[in-house]
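For reference, the structure discussed in these notes is given below.
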2 protein chains.
Amino acid sequence: MLTIKEIAERANVSRTTVSRVLNNSGYVSEEAKRRVLKVIEETGYIPSENAKSLRTKKTKVIGVILPKISTETSSRLVKGIDEILAKGGYQILLANTNLKPEKEIEYLKLLKSRHVDGIILSATNVNRSLIEEIYQLKIPFVTVGQYISGLANVVFDDYQAAKDMVQLLIKKGHKRIAFIGVDESDRAVGYLRKNGYYDAMKEAGLPVEDSWVQKGVFNSESGYESMKEIIEISDNRPTAVAAVTDRLAIGAMQFIQQMGLSIPEDMAFAGMGASELSRYITPSLTTIDFSMEDAGREAAALLLEQISREMNQEEIRTINYRLLERASI
Amino acid sequence: MLTIKEIAERANVSRTTVSRVLNNSGYVSEEAKRRVLKVIEETGYIPSENAKSLRTKKTKVIGVILPKISTETSSRLVKGIDEILAKGGYQILLANTNLKPEKEIEYLKLLKSRHVDGIILSATNVNRSLIEEIYQLKIPFVTVGQYISGLANVVFDDYQAAKDMVQLLIKKGHKRIAFIGVDESDRAVGYLRKNGYYDAMKEAGLPVEDSWVQKGVFNSESGYESMKEIIEISDNRPTAVAAVTDRLAIGAMQFIQQMGLSIPEDMAFAGMGASELSRYITPSLTTIDFSMEDAGREAAALLLEQISREMNQEEIRTINYRLLERASI
DNA sequence: TGTATTTGTGGAATCGATTACACATTTCCT
DNA sequence: AGGAAATGTGTAATCGATTCCACAAATACA
């Protein structure tokens, strides 16, 4: 590998001068500059970012921690993040936790050891030890999807979105509405959306039967199972189902269709997330578009702000959502 | 930031000894080791990977260049790559070209400047200048999806897959089969798959009319337009359509359904890529599963081999595909 | 003309780790 | 007992850049 030293020798100047040419800083005569650029051109010299970082303490790399790498949500988020970061000359260092909480702390440390200029965390379960670890890092930090006090956050109004969804079903005339959620340790998706459901029902004066409320995980199979459970144990069969993700809704729809019932006549469905699938399945699924790309862009912009301000300050940006009314209700 | 020097001072040893403890190398007395570990524990010291890399010439980072960041293909590929790399303690540095060829060379240089230990390139259009740039890099390198001589490649048998697909349609009794492809500058998807189509037809002794062969880009809208074109300008309307991606097929199906025709009775469809969508749309789409995750795993494994062998050697791994016969034919 | 300022350049320290080498002490083996 | 081998530790060079500082030459200003 060619180094700045060799370039300096070949151009008959000092390393200092080469560095000045490279960074367009300080005084350099046209003559010297020309010689240096010529040698760089001829040799194809590429300066080591690594050595540079060691000295300057800036890497132009942002760590992005994701709970899962190949979901539509994640990839849209990353797309938005990359869009903004690329403009600023930053690159993304990926860290995939595969939903394992212990990995989150591990990666936090790893990213710190790599001196990333900032971190964006797309969190699911937020626990105390994770939060403490983040505070200790002292690295510009932005979370997406879950609120953590004292940090910069990009969040969604999960509560209101779920409530809107259920209210739409109510407006459509449904009175017995079931709910398929996820574990409440996921505060945004599990806890807040569930509350949105309960409050919408309560405000409309509608009763909720325990058997209508099921809990699954993030895949369609568990939506299928939850639906089955609802049908099997309910005395009073619901006429509509609100699920916290499109996948859960789609799994549930499959069960209903396999029973020979029709959607939305026998059972109406609503999901959340606006997956591509939701548009193309039959019937198309009513859902909520959280615009993950916007969230990504916002998170990146917020992070760059924190970096330029050289501080970690609480700030909350709420991303707008859109309710997409489709054939499933 | 805490440095190794401070740890050494606090533990009353030299930096050398601290380094030895950190890397489990050389001779260190139990006593010294204990003291060092205690100080590290107390202070939460995290060694700088950056400084380490500068000295050791290894970063444990792999650059991954993608044509587009948020497609199902890319995200599955990255998932497979990450699965293997994470085991080896490597991380992924993302580079998204957004289908702009000039970005490919730019990122190649950027990744080199960051001293990544290896690069995986998911290429679409491969041109001479790109190839030359790659040869010059002298960094362990693996391409996915397109063959480049002299390098390690993970490829698909695009030709045979397309041929199989068309032959399946022929076996189903179709004689007039249309084809929706993409530009041939994408050798794998554009050129090879098209050849597979032509050869399957020729070998079956079936004629191909020019109006049946259309070219689109990678989205469903252009599949829609291509189908429209086929219907409008064909004297002899085909009874089946083979498309080089699921998206193109899905767009084409939409046009046919909007015309009030039914699938597969009036027109049969086959796509390629096994997107999630293909499973859930109605009717479900016959397609080819190229197992991108396998490809990712294979690419990562191949790259790690090249790294450990310290050489860049031509090697070709062909990923198996599966033909998924579904309701659309 | 003499002093102040601007311009141009390079020597050498620095960033935070690893590692070759030297040296001292202990243990082993015949 | 006495030399060889193993164990333990530290000094200093090194990786490849940036940057402080000193200094010389050219230019401006009074």
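A, B, ... follow the sequence lines: proteins, then strands. Residue 1 opens every chain.
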Under 4.0 angstrom between [X] side-chain N/O and [N] OP1 or OP2:
| X | N | result |
| --- | --- | --- |
| B/Thr3 | C/dG16 | no |
| A/Asn23 | D/dT18 | yes |
| B/Thr17 | D/dG10 | yes |
| A/Thr16 | C/dG10 | no |
| A/Tyr45 | D/dA17 | yes |
| A/Lys57 | C/dG16 | yes |
| B/Ser29 | D/dT9 | yes |
| A/Tyr27 | C/dG8 | no |

Original post:
Should the pair A/Lys79-A/Asp82 be classified as a salt bridge under the 4.0 Å nitrogen-to-oxygen rule?
Top reply: no
Original post:
Going by an N to O cut-off under 4.0 Å, is there a salt bridge joining A/Glu31 and A/Lys33?
Top reply: no
Original post:
With a 4.0 Å cut-off on heavy atoms, is A/Val13 in touch with a base, just the backbone sugar-phosphate, or nothing at all?
Top reply: sugar-phosphate
Original post:
B/Ser48 near the nucleic acid: base, sugar-phosphate alone, or nothing, with a heavy-atom cut-off under 4.0 Å?
Top reply: sugar-phosphate
Side chains of [X] and [Y]: donor-acceptor distance under 3.5 Å anywhere?
| X | Y | result |
| --- | --- | --- |
| B/Gln146 | B/Asn153 | no |
| B/Ser74 | B/Thr71 | yes |
| B/His115 | A/Ser48 | yes |

Original post:
A/Ile4 or B/Glu31: which one's nearest nucleotide on DNA chain D is closer to the 5' end?
Top reply: B/Glu31
Original post:
Does A/Arg20 or A/Lys5 map to a spot on DNA chain D nearer the 5' end, using the closest nucleotide for each?
Top reply: A/Lys5
From [atom1] of [X] over to [atom2] of [N], roughly how many Å is that when rounded to an integer?
| X | N | atom1 | atom2 | answer |
| --- | --- | --- | --- | --- |
| B/Glu9 | D/dG10 | CD | C1' | 14 Å |
| B/Leu54 | C/dG16 | CG | P | 12 Å |
| B/Ile7 | C/dT18 | CD1 | P | 13 Å |
| A/Lys52 | C/dG16 | NZ | P | 18 Å |
| B/Ile40 | C/dA17 | CD1 | P | 10 Å |
| B/Ile46 | C/dG16 | CD1 | C1' | 14 Å |
| B/Glu49 | D/dC15 | CD | C1' | 15 Å |
| B/His115 | D/dG16 | NE2 | P | 8 Å |

**OP:** Report yes if some heavy atom in the side chain of A/Ile62 is under 4.5 Å from a heavy atom in the side chain of A/Val116; otherwise report no.
**Re:** no
Original post:
Taking the side chain of A/Arg15 as heavy atoms from C-beta outward, which of D/dG16, D/dA17, C/dT18 is closest to it?
Top reply: D/dA17
Original post:
Which nucleotide sits closest to the side chain of A/Arg55: D/dT11, C/dT18, D/dT19?
Top reply: D/dT19
